[in-house]
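A short write-up of the structure that comes next.
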2 protein chains.
Amino acid sequence: MFHAFPNIMTDQDQDSSARIPLSLHSVSSLKASLHQRGFRLTTQRQTILHIFQTLPQGNHLSAEDLHDRLRQQGERISLSTVYRTLHLMAQMGLLRELELAEGHKHYELNLPSPHHHLVCIQCNQTIEFANDQIFQVSYKQAQAHGYHMLDCQLTLHVICPEAMHQGWHTTLPRGWICDRAAQKSYIDQED
Amino acid sequence: MFHAFPNIMTDQDQDSSARIPLSLHSVSSLKASLHQRGFRLTTQRQTILHIFQTLPQGNHLSAEDLHDRLRQQGERISLSTVYRTLHLMAQMGLLRELELAEGHKHYELNLPSPHHHLVCIQCNQTIEFANDQIFQVSYKQAQAHGYHMLDCQLTLHVICPEAMHQGWHTTLPRGWICDRAAQKSYIDQED
DNA sequence: TTAGCTGCAAAGTATTTGCATGAAC
DNA sequence: GTTCATGCAAATACTTTGCAGCTAA
């Protein structure tokens with residue numbers, strides 16, 4: 001039985017058919033999960049959870065991004081609280097912490113079937129992909145060491161075709177940036 | 001043919017039997033590789049490459065670590081140069097950039113058969129493991145998208161047995177740190 | 001009523017950059 | 001001689017922390 005997101009399961013979720021409880025990441029399960037640990041359910045924490053719940057699959061936010069979104073919807077949550085909440089939710093296993101190429105962390109809901117990333121180290125272009133084998137291998141590895149796995153992330157550092165074409169390995173000029181550097185991210189499916 | 005470390009191959013290395021050229025990461029290949037791109041071989045760059053070459057397998061250094069080592073051996077290379085060199089060598093595919101839990105990057109030579117990491121998000125304890133499947137999957141994925149792969153890293157975020165034992169999912173007190181938090185890292189082999 | 005939480009401001013840590021001097025080619 | 005690299009110091013980016021007042025339980 002896979003237990004990648006176990007912490008907010010209730011006892012009756014523990015059978016194998018309930019691997020992905022419907023209540024996962026709901027406000028009431030957040031509340032229960034916080035209370036179990038002696039933490040409190042605040043409006044700020046609810047609001048932040050809601051942002052992640054309504055974020056399209058494949059998107060991920062930095063602390064700054066999240067703070068901006070909150071301001072846009074009229075919420076006045078301080079950046080400190082944003083950082084504290086992201087850290088807390090990551091420690092609880094609710095959020096997945098991604099280290100991509102931009103130099104700061106990104107967060108998204110820690111859902112089943114994690115996806116992985118291919119990142120061009122020249123232009124930071126990022127492509128997501130899914131692959132069940134990775135999860136299987138990871139889970140087995142964690143179990144072999146007696147650890148409880150919350151998340152697994154495979155990150156490929158690559159050179160994009162544009163950079164290769166420009167002669168990445170020989171004549172690529174300093175400071176060259178591929179045209180796609182401005183673009184954000186692409187979503188891709190399992191092969 | 002796998003091309004994870006292609007940039008400093010010479011033309012006669014291009015046959016499949018020379019997948020891992022002996023000259024890989026030598027001073028003369030560093031020189032050639034730099035010159036190809038219009039960069040220069042400086043004593044600082046040589047010295048830094050040498051540190052990585054003599055680093056035991058499985059070790060990795062942060063910019064600060066590297067700077068300290070240089071001072072210890074009497075070299076006076078500025079921290080700026082250390083950062084600039086690490087960045088340059090990572091962009092060239094010579095070094096592998098690791099994002100573990102400590103909040104700053106670590107570097108090591110980008111050798112064949114990359115290893116992966118299991119990191120406890122409670123105490124930062126890190127275990128290395130190797131697994132050839134990961135490389136195969138990654139290479140296939142990069143190729144499918146037309147990208148040139150330099151490196152792949154699988155990172156598992158886990159809860160260590162100690163934290164689980166203390167009741168991670170229910171009663172783990174704030175600020176709890178497992179006894180192993182002070183320890184550094186463990187090496188492990190492929191299963 | 002008693003912790004825990006938030007917001008603000010200040011501090012801390014990691015990394016980058018401008019510029020004058022020095023080194024590689 | 002020209003161009004690139006280094007070292008220093010200053011700047012930047014990101015994140016954490018102390019503390020007083022606020023809020024959930």
Side-chain angles (χ1 to χ4, degrees), chain A residues 27-28 30-49 61-68 70-71 75-92 95 97-107 124 171-176, chain B residues 27-28 30-49 60-68 70-71 75-92 95 97-107 124 171-177:
Chain A
V27 171
S28 63
L30 173 64
K31 182 173 181 175
S33 185
L34 286 167
H35 284 183
Q36 276 184 321
R37 298 163 202 248
F39 298 125
R40 290 172 183 183
L41 180 67
T42 62
T43 51
Q44 289 88 339
R45 287 172 183 172
Q46 282 185 60
T47 306
I48 288 173
L49 177 65
L61 304 176
S62 67
E64 208 73 54
D65 294 338
L66 175 55
H67 191 235
D68 289 348
L70 288 164
R71 300 189 102 248
E75 306 283 350
R76 283 332 189 92
I77 300 182
S78 77
L79 191 53
S80 312
T81 297
V82 166
Y83 274 108
R84 283 189 276 232
T85 305
L86 289 172
H87 185 250
L88 178 66
M89 291 185 173
Q91 290 283 110
M92 288 168 56
L95 294 181
E97 198 174 79
L98 305 174
E99 302 267 15
L100 300 176
E102 302 86 16
H104 50 258
K105 292 169 185 161
H106 280 228
Y107 297 83
N124 288 356
T171 54
L172 199 57
R174 268 141 307 247
W176 173 89
Chain B
V27 172
S28 63
L30 173 65
K31 183 172 179 175
S33 186
L34 286 167
H35 285 186
Q36 276 184 321
R37 298 162 202 249
F39 298 124
R40 289 169 186 185
L41 180 67
T42 62
T43 52
Q44 289 89 340
R45 288 171 182 172
Q46 281 184 63
T47 306
I48 288 173
L49 177 65
H60 36 68
L61 304 175
S62 68
E64 208 73 53
D65 294 338
L66 176 55
H67 191 235
D68 289 348
L70 289 164
R71 301 189 103 247
E75 306 283 351
R76 284 332 190 92
I77 300 182
S78 76
L79 192 54
S80 311
T81 297
V82 166
Y83 274 107
R84 281 189 276 233
T85 304
L86 289 172
H87 185 250
L88 178 67
M89 291 185 173
Q91 290 283 108
M92 287 168 57
L95 294 180
E97 199 174 77
L98 305 174
E99 302 268 14
L100 301 175
E102 302 86 16
H104 50 258
K105 291 170 185 160
H106 280 229
Y107 296 84
N124 287 355
T171 55
L172 198 59
R174 269 141 305 248
W176 173 88
I177 284 282

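Computed over heavy atoms, backbone and side chain alike; hydrogens, waters and symmetry mates excluded. Residue numbers begin at 1 in each chain, while the letters A, B, ... track the order of the sequences. Keep in mind it's a predicted model, so treat the numbers as computed, not measured.
Contact annotation: A:R45 reaches the phosphate of C:dT6 (side-chain N/O to OP1 or OP2, under 4.0 Å). Between A:H35 and D:dA25 there is a side-chain polar atom (N or O) within less than 4.0 angstrom of OP1 or OP2. Close to C:dT16, at under 4.0 Å from its OP1 or OP2, lies no side-chain N or O of B:Y83. Distances shorter than 4.0 Å separate some side-chain N or O of A:Q44 from OP1 or OP2 on C:dG7.
Taking every heavy atom of both residues into account, B:D65 and B:H60 meet most closely at OD2-O, 4.3 Å. B:R45 approaches B:R40 most closely through the heavy-atom pair NH1-O, 2.7 Å.
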Only pairs under 3.5 Å count here: list side-chain donor-acceptor contacts from residues 76-83 of chain A, not counting sequence neighbours, and write none if there are none.
unit_1, atom_1, unit_2, atom_2, d
A:S78, OG, A:T81, N, 3.2
A:S78, OG, A:T81, OG1, 3.2

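Between the side chain of B:S80 and the base of D:dA9, at least one donor-acceptor pair of N or O atoms lies under 3.5 Å. Scanning atom types as modelled, no donor and acceptor separated by under 3.5 angstrom connect the side chain of A:T42 and the base of C:dT6.
The distance from atom CZ of B:F39 to atom P of C:dC25 is 13 Å, rounded to the nearest whole Å. Rounded to a whole Å, the CD atom of A:E75 is 10 Å from the P atom of C:dG7. Rounded to whole angstrom, the span from the CD1 atom of B:I77 across to the P atom of C:dA23 amounts to 14 Å. Put simply, CG on A:L88 is 9 Å from P on C:dT6, counting in whole angstrom units. The interatomic distance linking A:L30 (CG) with D:dA25 (P) rounds to 11 Å, in whole Å. Across the protein-nucleic acid pair, A:L86 atom CG and D:dT16 atom C1' stand 13 Å apart, rounded to whole Å.
B:T43 places none of its side-chain heavy atoms less than 4.5 Å from the side chain of B:E75.
Across the interface with DNA chain C, nearest-nucleotide mapping of B:L41 and A:R84 shows A:R84 to be the residue nearer the 5′ end.
Within the nucleic acid shown, B:E64 has no heavy atom closer than 4.0 Å to any nucleic acid atom.
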